[in-house]
Amino acid sequence: MKYPFQEVESSWQKFWEDNKIHKTDLTNLEKKLYCLVMFIYPSAAKMHIGHWYNYGPTDSWARFKKLKGFNVFEPMGYDAFGLPAENYAIKTGVHPHDSTLKNITDIREMMKQMGGMYDWDAELMTCAPEYYRWNQWLFLQLYKKGLAYRKNAPVNWCPSCQTVLANEQVLNDGNCERCGSTVIQKNLTQWFFKITNYVDELLDGLDKIDWPEKTKLMQKNWIGKSIGSEVEFAIEGHDEKITVFTTRPDTLFGVTYVVLAPEKELVQRITKPEFKDVVDQYIDSVKSFSEIERTSTVKEKTGVPTGAYAVNPVNGERVPVWIADYALATYGTGCVMAVPGHDERDFEFAKKFNLPIRKVILKPGTELGDELKEAYTEIGTMINSGKYDGIESDKGIEKIIKDLEAQKLGRGKINYRLRDWLISRQRYWGTPIPIIYCDQCGEVPVPEENLPVVLPYDVAFKPDGGSPLASNKEFVEAKCPKCGGHAHRDVDTMDTFVDSSWYYLRYMNPNFSNGMFDSELANNWTPVDMYVGGAEHAVMHLLYARFVHKFLRDIGMVNSDEPFQRLIHQGTITAQGSKMSKSRGNVVDPNSFMENYGADVFRMYLMFMGPYELGGDWSDKGIVGVDRFVQRAYTMFESNKNIALEFPAKDKYSLAEFNEAEKSVYRKVNQTILKVDVEIENFRFNTAVAALMELSNEMKNLSECRKDLVSYTLERFAVMIAPLAPHLGEECWKLLGNETSLFRRPVWFNADEKALRVDAMTIVVQINGKVRSKIELPVDVSEAEVKAAVFADEKVKSYTDGKEVVKEIYVPNKIYTIVIK
RNA sequence: GCCCGGAUGGCGGAAUUGGUAGACGCGCUAGCUUCAGGAGCUAGUUGUCGCAAGGCAGUGCAGGUUCGAGUCCUGUUCCGGGCACCA
């Protein structure tokens with residue numbers, strides 16, 4: 001009989017739902033396990049292959065843990081705010097609220113059809129006022145501590161999305177992370193979260209979490225800690241000073257010029273009149289370049305002199321002050337001391353503009369007089385450096401800093417690449433920023449008791465770069481909370497990454513109304529034990545969430561330092577080698593597979609395709625193999641109905657009571673238990689499925705086995721298949737004669753270690769590194785006996801006769817190597 | 001340019017970490033079954049030489065270490081990812 005997956009799957013889904021099988025008792029903390037998968041972005045009504053690949057295997061892992069006796073909490077929710085819904089509204093006129101809610105309804109249905117073990121009582125969506133009011137509350141707490149602030153700054157502007165972006169949301173080719181358009185720079189007054197206050201902790205915390213090394217490295221690079229010092233250069237004829245940041249104060253004697261970022265205001269004040277025209281022209285030309293064009297390493301450096309001179313604090317030497325595009329206003333002090341002899345960029349620049357190059361660090365093994373053909377950037381002996389001559393340069397760094405500090409001309413300084421998190425967005429579909437601007441009092445936070453500031457339904461969606469909220473008068477006009485006078489609301493909304501930085505804390509009670517989340521539950525259930533999601537969030541979501549978690553800890557809301565203890569990234573499923581997207585027209589629709597094979601086969605096939613963390617190119621070629629496997633398994637159970645009732649299995653058997661076929665089956669069952677256990681535990685689903693297929697092949701011999709061993713085997717098979725194919729697992733378990741659901745009363749079998757011991761072993765005989773013979777011997781016979789058997793072997797003899805045996809190596813129960821001459 | 005991954009049959013991929021390369025699955029071939037199509041079952045399937053027994057070659061490429069290398073070392077090519085004037 002063909003496996004009736006439609007009936008089986010829908011009947012189990014109904015059973016799970018009617019009986020709330022997947023509801024987690026959050027008061028039971030014994031063996032608690034929080035398995036979290038990144039919540040879904042409901043920009044379309046359909047779940048695509050990528051969603052399935054993310055959610056199916058993760059759910060299988062959670063189910064595996066559940067069967068192993070863990071009290072698993074696996075929630076699902078909706079990252080419901082965001083641009084796509086709004087862009088869709090501009091295109092079609094369907095309001096984001098309406099399309100999003102519709103999509104959520106459809107997606108929820110599909111999640112259930114997939115067979116997800118989600119606790120639907122814990123469902124949440126970020127676009128609900130009951131949720132986003134706590135984004136606003138969080139904003140106010142940050143504001144109170146001075147960690148939410150407004151400043152005018154050059155920001156990334158996406159002309160297509162019509163909004164600003166955080167640094168993390170700009171790809172390194174200068175394009176928008178979301179839509180791929182080229183991002184430009186604009187000066188705007190925007191809200192920032194001061195993530196930089198936590199920079200050291202964000203860095204150090206990486207050592208304490210079990211995340212992929214690659215991801216931790218990406219965060220580390222993004223934070224970009226750089227230990228160095230600030231050194232002050234006097235400006236000839238001015239009271240002001242130029243403060244430079246350098247990691248190499250040991251090269252100070254090699255400074256031959258100083259470079260300022262063109263946009264530094266100081267440039268205007270120090271430029272000599274006769275250089276003014278050239279300098280202004282240059283500043284204009286730099287502005288026409290995008291940040292990315294400007295910082296491209298392949299572009300040749302440009303620059304002009306200002307006519308001003310700076311004075312080197314270590315030797316009083318006067319050096320010209322230049323402005324150049326390779327000095328960045330946004331990093332360090334925006335001023336660089338140029339040491340062409342020992343810095344590649346300065347070397348290139350000096351060569352181009354014929355500026356002097358001075359050698360002050362001697363490369364080990366070279367002579368004082370040797371010409372510098374390229375910048376030497378390593379450690380060496382200090383030369384041409386006055387009283388520091390002869391000192392190793394790493395020691396020299398400390399010495400010079402100490403001396404400069406004594407003269408108040410320098411100090412140790414640590415710089416970071418990480419900037420504060422820009423959270424304002426000039427878009428509608430997000431959380432309103434809870435700030436009111438009063439004509440009298442200025443910037444006033446909305447009092448907590450007035451939250452939420454509800455996002456109004458009626459606005460004009462027009463992609464003109466202004467915030468759509470500005471079009472709703474009723475929303476904009478407000479009374480000042482302080483003086484009651486005329487005021488207006490902030491019309492921007494928050495970056496949706498704010499929503500996702502703390503959702504995992506609210507899942508435990510999404511209806512909690514006395515606060516952002518129930519702290520007691522959060523403390524009991526977080527950090528999240530297992531977090532699964534795409535590697536594209538390595539810096540962005542995963543960094544923001546760590547920051548918010550630490551802030552919430554500091555205001556007493558949670559008691560842990562890190563939100564996600566263990567992290568796994570699923571790989572990407574591509575189609576014809578490229579990422580699936582509507583514009584490419586290569587999107588594969590999971591529904592046809594659902595209809596033809598069912599959810600179990602489809603999710604198991606996704607797991608079988610290859611290593612989970614690697615992803616791969618989609619092909620439906622192999623899905624029939626998984627389907628055949630499921631069909632065979634079902635037939636096996638179908639033809640052995642109620643066998644566990646009629647022939648109950650023992651917990652353990654002794655090999656002595658078995659015939660050869662039985663021994664072999666019994667051994668295979670137990671080997672498989674061991675294998676499946678460790679493979680699923682480590683997200684290696686492909687090999688877990690393969691192991692079960694091997695067992696299924698072995699089960700062809702069950703006809704030669706006693707009935708209670710058939711029960712024994714089928715029981716274990718049903719339990720092992722259940723995490724991977726939950727509906728099938730339940731159905732098989734029921735066919736055996738069990739009354740209750742596996743996931744209502746979890747079962748997991750341990751392997752009988754004794755069964756794993758084989759009594760015969762194939763010893764491979766290698767002669768000069770080549771396999772020449774195989775000998776069957778009982779396990780654990782002495783080396784002498786093995787040797788005797790090996791040399792009695794005809795094939796071995798034919799190779800060794802008349803030759804001198806030089807060496808013999810025996811690897812017990814495995815291999816016997818002979819070296820002959 | 002720098003830093004990580006990776007490269008194994010016609011295809012997706014296994015390989016207890018130095019010990020029988022190719023598990024498992026797809027595809028393909030043959031046989032059985034079927035009116036037929038499909039499906040199912042059984043056997044085979046790295047290449048090559050051979051009637052066969054068996055031999056030889058074989059994990060991107062070139063070397064090396066070792067009794068023994070897909071696995072370790074050196075160099076190199078290609079592919080994927082990340083970073084990229086951060087002083």
Side-chain angles (χ1 to χ4, degrees), chain A residues 2 171-173 212-215 217-218 220-222 224-226 228-229 244-248 251 259 261 292 294-301 324-328 330-339 342-346 348-349 377 415-418 535-536 538-539 571-572 574 577 605 608-611 613-629 631-632 635 674-675 678 684 686-697 700 762-774 795 806-811 813-820:
Chain A
K2 201 162 161 28
L171 302 176
N172 63 4
D173 58 0
E213 284 307 316
K214 218 179 143 181
T215 308
L217 189 65
M218 277 167 75
K220 206 177 149 190
N221 289 341
W222 189 261
K225 184 175 185 171
S226 166
S229 24
V244 302
F245 175 74
T246 178
T247 54
R248 294 295 301 273
T251 62
V259 189
I292 298 308
R294 198 181 133 181
T295 57
S296 159
T297 47
V298 290
K299 189 180 127 297
E300 206 175 303
K301 297 173 190 14
D325 55 358
Y326 81 96
L328 306 175
T330 45
Y331 185 78
T333 61
C335 310
V336 183
M337 59 177 230
V339 187
H342 305 285
D343 181 284
E344 283 161 27
R345 296 150 301 182
D346 300 339
E348 190 193 325
F349 194 81
T377 58
N415 262 324
Y416 300 89
R417 213 180 75 101
L418 182 76
E536 66 274 18
V539 285
T572 311
T574 54
Y605 176 58
F608 185 61
M609 276 173 51
E613 274 144 296
L614 245 106
D617 204 51
W618 170 257
S619 154
D620 56 14
K621 284 283 191 302
I623 194 166
V624 292
V626 176
D627 186 53
R628 284 174 195 154
F629 164 63
Q631 295 297 339
R632 272 199 294 271
T635 308
L674 223 59
K675 174 89 175 164
V678 62
R684 291 191 294 258
N686 55 332
T687 44
V689 175
L692 284 166
M693 285 174 169
E694 281 189 58
L695 175 59
S696 143
N697 291 339
K700 284 168 189 160
T762 308
I763 303 292
V764 174
V765 185
Q766 281 188 355
I767 297 171
N768 284 358
K770 288 195 160 71
V771 177
R772 292 305 184 189
S773 186
K774 293 166 190 181
K795 283 187 213 142
V806 181
K807 201 172 178 183
E808 289 163 73
I809 300 147
Y810 177 53
V811 181
N813 296 327
K814 218 164 226 168
I815 203 158
Y816 198 95
T817 298
I818 303 166
V819 186
I820 55 170

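First the proteins, then the strands, lettered A, B, ... as listed; each starts at 1. Please read these numbers as outputs of a predicted model, since none were measured by experiment.
Taking syn as a glycosidic angle within 90° of 0, rG12(B) does not qualify and is anti. Annotated as anti: rU20(B), whose glycosidic dihedral deviates from 0 by more than 90°.
The distance between atom CG of Asn221(A) and atom P of rC2(B), rounded to the nearest whole Å, is 16 Å. In this entry the distance linking CZ of Arg684(A) with P of rU17(B) reads 11 Å, nearest Å. Atom C1' of nucleotide rG22(B) and atom CD of Glu694(A) are separated by 13 Å, given to the nearest angstrom. In this structure, NZ of Lys301(A) is placed 11 Å from C1' of rA87(B), rounded to the nearest angstrom. Computed from coordinates, the Ile809(A) CD1 to rU66(B) C1' distance equals 9 Å when rounded to whole Å. Atoms CG (Asp343(A)) and P (rG1(B)) sit 19 Å apart, rounded to a whole Å.
At the phosphate of rC26(B), OP1 or OP2 sits under 4.0 Å from a side-chain N or O atom of Arg628(A). For Tyr326(A), no side-chain nitrogen or oxygen approaches OP1 or OP2 of rA87(B) to under 4.0 Å. Between rG25(B) and Asn697(A), a contact under 4.0 Å exists linking OP1 or OP2 to a side-chain N or O. An OP1 or OP2 oxygen of rA14(B) is reached within less than 4.0 angstrom by a side-chain nitrogen or oxygen of Asn686(A). Between Ser226(A) and rA87(B) there is a side-chain polar atom (N or O) within less than 4.0 angstrom of OP1 or OP2. Using a 4.0 Å cut-off, no side-chain N or O of Lys621(A) falls inside it from OP1 or OP2 of rG12(B). Taking 4.0 angstrom as the limit, Arg772(A) places a side-chain polar atom (N or O) nearer than this to OP1 or OP2 of rG55(B).
Of the candidates rC24(B), rA57(B), rA87(B), rA57(B) carries the atom nearest the Lys770(A) side chain, counting heavy atoms from C-beta on. Of the candidate nucleotides rU20(B), rC67(B), rU42(B), rC67(B) has the atom lying nearest to any side-chain atom of Lys807(A). Comparing rU20(B), rG25(B), rC67(B) against the side chain of Phe608(A) picks out rG25(B) as the nearest.
The number of heavy atoms from other shown groups lying within 6.0 Å of CD (Glu344(A)) does not exceed 12. Within 6.0 Å of the NZ atom in Lys225(A), the count of heavy atoms belonging to other residues, nucleotides or ligands exceeds 12.
Positionally, the nearest nucleotide of RNA chain B for Lys774(A) lies more toward the 5' end than for the other of Lys795(A) and Lys774(A). Taking the nucleotide of RNA chain B with the nearest heavy atom to each of Gly622(A) and Met337(A), the more 5' of the two is matched to Gly622(A).
Between the base of rG19(B) and the side chain of Gln766(A) there is a donor-acceptor pair shorter than 3.5 Å. For a distance-only test at 3.5 Å, the side chain of Thr817(A) qualifies as a donor-acceptor partner of the base of rG19(B). Interface remark: the Lys214(A) side chain does not form any donor-acceptor pair with the rC4(B) base, using a distance-only criterion of under 3.5 Å.
Across all strands shown, rG50(B) forms no Watson-Crick or G-U wobble pair with both distances under 3.5 Å. The partner of rG80(B), taking Watson-Crick or G-U wobble pairs whose two distances both stay under 3.5 Å, is rC4(B). Nucleotide rA43(B) is matched to rU29(B) when pairs are restricted to Watson-Crick or G-U wobble geometry with both distances under 3.5 angstrom. Nucleotide rU20(B): unpaired (no Watson-Crick or G-U wobble partner with both distances less than 3.5 Å).
Rounded to the nearest Å, the gap between the C1' atom of rU17(B) and that of rC11(B) is 27 Å.
A perpendicular orientation is assigned to the rings of Tyr605(A) and Trp618(A), their planes being inclined by more than 60° (bins at 30° and 60°).
Counting only heavy atoms from C-beta outward, the side chains of His342(A) and Thr377(A) never approach each other to under 4.5 Å. No side-chain heavy atom of Ile763(A) sits less than 4.5 Å from a side-chain heavy atom of Ile815(A).
In this structure, a donor-acceptor pair under 3.5 Å is present between the side chains of Tyr326(A) and Asp346(A).
In plain terms, the two heavy atoms of Leu328(A) and Ala261(A) that are nearest each other are C-CB, 3.9 Å.
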